[in-house]
Amino acid sequence: MNVFTHFRGIIDAELASLSVAGSLPAEIDTKNVAVEPPRDASHGDIATNAALVLSKQAKKKPRDIAALLAPALEALDVVDTVEIAGPGFINLRLSDSFWQNQVQGILSAGKAFGNSRMGGGERVNVEYVSANPTGPMHVGHVRGAVFGDALSNLLQKAGYDVTKEYLINDAGSQIDVLARSAYLRYCEAHGRDIGTIPEGLYPGNYLVPVGQALKEKYGDQWLDADEDVWLATVRDEATDAMMDMIRDDLKLLGVEQSVFFSEKQLHASGKIDEVVEQLRARGHIYEGVLEPPKGQKDEDWEPREQTLFRATNFGDDVDRPLKKSNGDYTYFGADIAYHYDKYQRGFKSMIDVWGADHGGYVKRMQSAVKGLAEDGELDVKLCQLVRLLRDGVPVKMSKRSGNFVTLREVVEEVGRDVTRFIMLTRKNDAPLDFDFAKVLDQSKDNPVFYVQYAHARVCSVLNKAKEAFSGLDTSDTSLAGADMALVNHPAEIAMIKQCAAWPRMVESAAEAHEPHRIAFFLYDLASEFHTFWNKGNDEPSLRFIIEGKEDLTKARLALIRSVAFVIASGLEVLGVKPLEEMR
RNA sequence: GGUCCCGUAGCUCAGUCGGAUAGAGCACCAGAUUCCUAAUCUGGGGGCCAGUGGUUCAAAUCCACUCGGGAUCACCA
């Protein structure tokens, strides 16, 4: 249960009955009322600004409203004290027994603790990665992949019905380049000397096996043939091969999307025409000439009449072209149709995860969604660059020479779990440093290690306890029956409170579409746990296993088992496996 | 020139729908060590939240402008 929404319900009910009693106006708007943990723990466990928010509506002083509300809250069994503080905050302090009782709930929920119904089963589409199928995944793709995946998991946990999706950009001119590059390798497979790969084609060795496969499947029929003979087939074959490779790479990272949507199919199905006509019918499209961009001299710029979408009607800066000079649709044109397709498939809520270099594209896409469907919602999350380092020294990469670090290399060197966790240790729109040495460091400076270590320590204590008390049942159901009243040290209660904050964390992170908050929360929780552990060094009576006191030991085991469940629950969102022992 | 993102302790960064005395890690300073895993621990100093103005009972948070850093700007995706 989410402690704060629980009390929110109680406070709302009390406000309503004050309305009925005439102490507050009949119609009150409580949507800005917050029931949350106070920033300063000395203010208690739960704080509400209700009196402040309602002051103007009720035409009463905040502290007077607080005084109306306080008695009913004071009357609750689980509330120890109620105080009216500062300008009119109401601070509640809950009884130890209330917190102690939370442990049982956590143990019975297990890793499902924190699951929320906030989303109400609403369908959400999260599109991420969508790397061009022209080569293997490289580090630049990793962050978006991990972010999108964790965000999807997070939304799922918060009660949304999430579809993880990938758009295959298999229609653009880069696919022709891919096909020509693969064709060269096909010639090479037939023993031709291809020399150095010409500028503008993909030089990577990963196309060698594709050339081989083409040779085996199609023989020598295309040698010395015109491009229009083989291009279409090689395009398809090469794209398929690249997508297989990309799916394998993603699998290494633990990313498995359920829908792979082909841009080419979008063109072929006539969907784009359909959507453009629909926009035209709504008056969002016209033929016109754009102003040249200011401040930047572009020699090639020439005024030209083209098909434009009135993005400016929806907050964009200029209207955007839907067709290229050769009559083909622009990527934007196709993308509008793609988003409309998602909408028609039942996703009113869509999230796109892009690299930060696509930031200039956000407004026009959101404009298009608004232009097509008033109730459609598109949130675009931009992921900033990852700086790869090795012992503090930047790793040099050059895309031109094909010398980039691949996703596979990263995952094979440091592991999936470490890669995923580190990618979420920064806000998505802030740049992130990824140091091969530091992420494997086994010290508290490394958040992955620190969190994993906390989980492993709990597992280790549970094992030790079975040795200390022969026949002790440490199963979750047994621990759930422990006498939690024995766990009453302030540090223990604080530990429970932090675990109990987990459901609220899930909801707020999901609402903000910010999975990194989970990583920070886990770090804080682990930190609290380690600190508690260390207290046992100074004060042996605070250790988890107390010889001769089986009931107390069991209660403490129940507590730390809860901590482990919350950590496991959080790691699951991040797509990281909790460790039962280190190394 | 337009647009978007960023600017918080010496460094790297958190900061929830606007909420009470702005937090953490590193670094620095001072202590601790027979201990369930020392793969260290405890405590301390350190801030004009880039700046100015505005909205509000209340602003790091919202709005406007300025400064500084990055990204991007029809016919690529």
Side-chain angles (χ1 to χ4, degrees), chain A residues 31-34 36-40 42-43 47 49 52-53 55-56 61-62 85-89 91 130-132 134 167 169 171-175 263 289-296 298 300-304 306 308 316-321 323-326 328 330-332 334-335 355-363 382 384-385 425-427 429-433 441-447 449-450 453 456-457 460-461 464-465 467-468 504-505 507-509 511-512 514 516-517 519-520 523-524 527 530-531 533-540 543-547 581-583:
Chain A
K31 86 171 184 304
N32 287 326
V33 171
E36 55 195 3
R39 188 166 289 178
D40 186 339
S42 71
H43 291 138
N49 61 356
L52 293 157
V53 170
S55 168
K56 198 172 263 180
K61 287 181 192 159
F89 288 101
N91 294 332
S130 299
N132 286 342
T134 56
L167 173 66
N169 295 128
S173 56
Q174 82 283 355
I175 295 298
E263 185 197 349
V289 180
L290 286 176
E291 293 290 314
K294 284 174 186 164
Q296 182 202 29
D298 188 339
D300 297 336
W301 199 91
E302 54 187 36
R304 183 176 62 244
Q306 47 193 345
L308 298 167
D316 201 357
D317 321 303
V318 287
D319 293 331
R320 304 293 179 176
K323 283 191 175 177
K324 306 180 196 174
S325 53
N326 67 2
D328 287 351
T330 57
Y331 182 74
F332 179 52
D335 219 6
D357 56 339
H358 289 60
Y361 195 77
V362 174
K363 274 190 184 174
L382 300 177
Q384 266 292 350
L385 292 178
T425 53
R426 285 283 175 276
K427 222 168 14 185
D429 54 7
L432 177 135
D433 285 353
D441 184 27
Q442 303 228 323
S443 78
K444 72 168 293 194
D445 304 347
N446 180 355
F449 169 78
Y450 203 54
Y453 188 29
R457 266 185 158 169
S460 159
V461 172
K464 279 261 157 54
E467 291 169 24
R504 177 184 154 82
M505 176 52 55
E507 291 181 353
S508 57
E511 198 165 19
E514 289 185 352
H516 75 277
R517 293 188 193 183
F520 282 91
Y523 181 81
D524 287 344
S527 171
H530 289 305
T531 300
W533 172 289
N534 289 319
K535 275 194 172 40
N537 291 332
D538 299 335
E539 239 176 290
R543 294 188 189 169
F544 303 124
I545 298 170
I546 305 291
E547 221 164 308
E581 56 183 1
M582 302 307 285
R583 115 178 34 206

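Below, chain A is the first sequence line, B the second, and so on; all start at residue 1.
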Give [X] one of three labels, base, sugar-phosphate or nothing, depending on what nucleic acid heavy atoms sit under 4.0 Å from its own.
{"X": "A:Lys56", "value": "sugar-phosphate"}
{"X": "A:Glu263", "value": "sugar-phosphate"}
{"X": "A:Asn49", "value": "base"}
{"X": "A:Thr531", "value": "sugar-phosphate"}
{"X": "A:Arg504", "value": "base"}
{"X": "A:Asp445", "value": "sugar-phosphate"}
{"X": "A:Gly359", "value": "nothing"}

Distance between the [atom1] atoms of [N] and [M], in whole angstroms?
{"N": "B:rC67", "M": "B:rG53", "atom1": "C1'", "answer": "15 Å"}
{"N": "B:rA50", "M": "B:rC11", "atom1": "P", "answer": "14 Å"}
{"N": "B:rG51", "M": "B:rU8", "atom1": "P", "answer": "10 Å"}
{"N": "B:rU16", "M": "B:rA71", "atom1": "C1'", "answer": "28 Å"}
{"N": "B:rA9", "M": "B:rG23", "atom1": "P", "answer": "14 Å"}
{"N": "B:rG15", "M": "B:rU61", "atom1": "P", "answer": "15 Å"}
{"N": "B:rC35", "M": "B:rA20", "atom1": "P", "answer": "45 Å"}
{"N": "B:rA22", "M": "B:rC5", "atom1": "C1'", "answer": "23 Å"}

Find the distance [X]:[atom1] to [N]:[atom2] and express it as a whole number of Å.
{"X": "A:Phe332", "N": "B:rA77", "atom1": "CZ", "atom2": "C1'", "result": "14 Å"}
{"X": "A:Gln442", "N": "B:rA39", "atom1": "CD", "atom2": "P", "result": "11 Å"}
{"X": "A:Asn446", "N": "B:rG25", "atom1": "CG", "atom2": "C1'", "result": "12 Å"}
{"X": "A:Tyr523", "N": "B:rG15", "atom1": "OH", "atom2": "P", "result": "16 Å"}
{"X": "A:Arg39", "N": "B:rU61", "atom1": "CZ", "atom2": "P", "result": "12 Å"}
{"X": "A:Asp40", "N": "B:rA24", "atom1": "CG", "atom2": "P", "result": "12 Å"}
{"X": "A:Asn32", "N": "B:rU55", "atom1": "CG", "atom2": "C1'", "result": "15 Å"}
{"X": "A:Trp301", "N": "B:rG1", "atom1": "CH2", "atom2": "P", "result": "20 Å"}

### Query
Toward the 5' end of RNA chain B, which comes first, A:Ala356 or A:Asn537, by nearest nucleotide?
A:Asn537

### Query
Quick one: on RNA chain B, does A:Met505 or A:Lys464 contact a more 5' nucleotide (nearest heavy atom)?
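So the residue in question is A:Met505.
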
[options]: which one has an atom nearest the side-chain heavy atoms of [X]?
{"X": "A:His43", "options": "B:rC17, B:rA20, B:rC35", "answer": "B:rA20"}
{"X": "A:Ser508", "options": "B:rA74, B:rU16, B:rA24", "answer": "B:rU16"}
{"X": "A:Asp429", "options": "B:rA77, B:rC36, B:rC6", "answer": "B:rC6"}
{"X": "A:Asp357", "options": "B:rA20, B:rA71, B:rC35", "answer": "B:rA71"}
{"X": "A:Ala47", "options": "B:rA20, B:rG19, B:rC36", "answer": "B:rA20"}
{"X": "A:Trp533", "options": "B:rA74, B:rU16, B:rU37", "answer": "B:rU37"}
{"X": "A:Tyr453", "options": "B:rC41, B:rG19, B:rA39", "answer": "B:rA39"}
{"X": "A:Lys444", "options": "B:rA77, B:rC26, B:rC17", "answer": "B:rC26"}
{"X": "A:Ser460", "options": "B:rA77, B:rG25, B:rU37", "answer": "B:rU37"}
{"X": "A:Lys363", "options": "B:rU3, B:rU37, B:rA74", "answer": "B:rU3"}

### Query
Side-chain donor or acceptor of A:Asp441 under 3.5 Å from a matching atom on the base of B:rA39?
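Donor-acceptor pair under 3.5 Å: no.
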
### Message
Tell me whether the side-chain N or O atoms of A:Arg517 pair up with the base of B:rU16 as donor and acceptor below 3.5 Å, since no angle test is needed here.
### Response
no

### Task
Decide, applying a 5.5 Å centre-distance limit and a 30° plane-angle limit (both strict), whether A:Phe89 stacks on B:rA20.
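So yes, this residue stacks on that base, both cut-offs being met.
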
### Task
Any chance you could measure A:Asp441, atom CG, to A:Phe449, atom CZ, to the nearest 0.5 Å?
8.5 Å

### Task
Using a 3.5 Å limit on both pairing distances, list the dot-bracket string of RNA chain B from the 5' end; Watson-Crick and G-U wobble pairs count, crossing pairs take [ ], interstrand pairs take |.
(((((((..((((.....[...)))).(((((.......))))).....(((((..]....))))))))))))....

### Message
I want to check one thing: is the phosphate of B:rG15, taken as OP1 and OP2, less than 4.0 Å away from some side-chain N or O of A:His516?
### Response
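It does, given that an N or O in the side chain of A:His516 lies less than 4.0 Å from OP1 or OP2 of B:rG15.
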
## Note on the structure
Shortest non-hydrogen pair, A:His530 vs A:Tyr453, comes out as CE1-CD2, 3.7 Å

### Query
Which pair of non-hydrogen atoms, one from A:Ile546 and one from A:Pro540, has the smallest distance, and what is that distance?
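Closest approach of A:Ile546 to A:Pro540: CD1-O, 3.6 Å.
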
#### Entry: A:Ser508 side-chain N/O to A:Arg504 backbone N/O, donor-acceptor pair under 3.5 Å
yes

### Message
Less than 4.0 angstrom from a charged side-chain N to a carboxylate O is my criterion; do A:Asp317 and A:Lys363 meet it?
### Response
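Salt bridge present between A:Asp317 and A:Lys363.
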
#### Entry: Carboxylate-amine/guanidinium contact A:Arg517 A:Glu514, below 4.0 Å
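A salt bridge links A:Arg517 with A:Glu514.
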
### Query
Mind checking whether A:Phe332 and A:Tyr361 have parallel, tilted or perpendicular rings, split at 30° and 60°?
perpendicular

Between the protein and nucleotides 11-13 of chain B, list the N/O to N/O atom pairs that are separated by less than 3.5 angstrom.
residue, atom, partner, partner atom, Å
B:rU12, O2', A:Arg426, NH2, 2.7
B:rC13, O5', A:Arg426, NE, 3.4

### Query
For A:Asn132, which residues count as a side-chain contact (heavy atoms from CB on, under 4.5 Å) partner, sequence neighbours excluded?
A:Thr134, A:Asn169, A:Gln174

